[in-house]
Amino acid sequence: DAKTTQPTSMDCAEGRAANLPCNHSTISGNEYVYWYRQIHSQGPQYIIHGLKNNETNEMASLIITEDRKSSTLILPHATLRDTAVYYCIVRGYAGGTSYGKLTFGQGTILTVHP
Amino acid sequence: DTEVTQTPKHLVMGMTNKKSLKCEQHMGHRAMYWYKQKAKKPPELMFVYSYEKLSINESVPSRFSPECPNSSLLNLHLHALQPEDSALYLCASSHPAREGHYTFGSGTRLTVV
């Protein structure tokens, strides 16, 4: 699976949009971009994933560049509870009958300030 | 039921003890995973079970022994651990149709003394 690069830390004001970037320049055509977050002392939580189209769900939006070499996770109205480590992960599709790995990098520590 | 349940939440064990961590899910997921997470580090994959069979072992020492008795239950048997094995142990599961979408438990905080 392709490697990802994320900033070590970011700050955001409460109520503003948080835009978390991720570089994955070696991504291949069948690899998906996944985002997870981990709030202190809890297990990681799935946020969203995409292949090449932009995606939106109740938690966030995912914007993938046309060349797929980078992506941005957007939390539209950040709250204090969004303070967490955010992981961008690139993972291939194993075919549904076998299971591969979800490998976590260092992630971005997002701190939302009042 | 949309949760992965891990027990116990906290465990303190001596280096000569034998203990087990338990993980349970009732979402019909057919893959289950064990991760280890040290403080201020990302989770590291240890084992993957696919349809109750061990499919990936990330060169984990034999003092960690996984077991998948059925599609809902995953155990991690611990024996002769070292203090450096102290960590948060996370269990996760995923559905065949959404294989990269993992549901994680809250973990077991293990301290080896």
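Within every chain, numbering begins at 1; the chains are lettered A, B, ... in the order of the sequence lines, protein sequences first and strands thereafter.
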**OP:** Give the member of A:Gly43, A:Pro44, A:Gly105 that has the highest number of heavy-atom pairs under 4.5 Å with chain B.
**Re:**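 Among the listed options, the one with the most contacts to chain B is A:Pro44.
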
**OP:** With a 4.5 Å cut-off on heavy-atom pairs, point out which of B:Gly107, B:Gly100, B:Ser106 contacts chain A the most.
**Re:** B:Gly100

Original post:
Using a cut-off of under 4.5 Å for heavy-atom pairs, which of B:Lys41, B:His101, B:Lys40 has the most such pairs with chain A?
Top reply: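 With the most close heavy-atom pairs to chain A, the winner is B:His101.
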
Can any side-chain N or O of [X] pair as donor or acceptor with the backbone N or O of [Y] at less than 3.5 Å?
X: A:Arg16; Y: A:Val112; result: no
X: A:Gln42; Y: A:Ile39; result: no
X: B:Lys38; Y: B:Glu84; result: yes

**OP:** Could you tell me how the ring of B:His29 sits relative to the ring of B:His95: parallel (under 30°), tilted (30 to 60°) or perpendicular (over 60°)?
**Re:** perpendicular

**OP:** Report, as yes or no, whether the 6.0 Å neighbourhood of atom CD on B:Glu3 holds more than 12 heavy atoms from other residues, nucleotides or ligands.
**Re:** no

Original post:
Which bit of B:Glu58 is near chain A, if near means a heavy-atom gap under 4.5 Å: side chain, backbone, both or neither?
Top reply: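 When you check distances to chain A, only side chain atoms of B:Glu58 fall under 4.5 Å.
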
**OP:** Sort B:Glu44 into side chain, backbone, both or neither according to what part of it lies under 4.5 angstrom from a heavy atom of chain A.
**Re:**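 Neither part; nothing is under 4.5 Å.
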
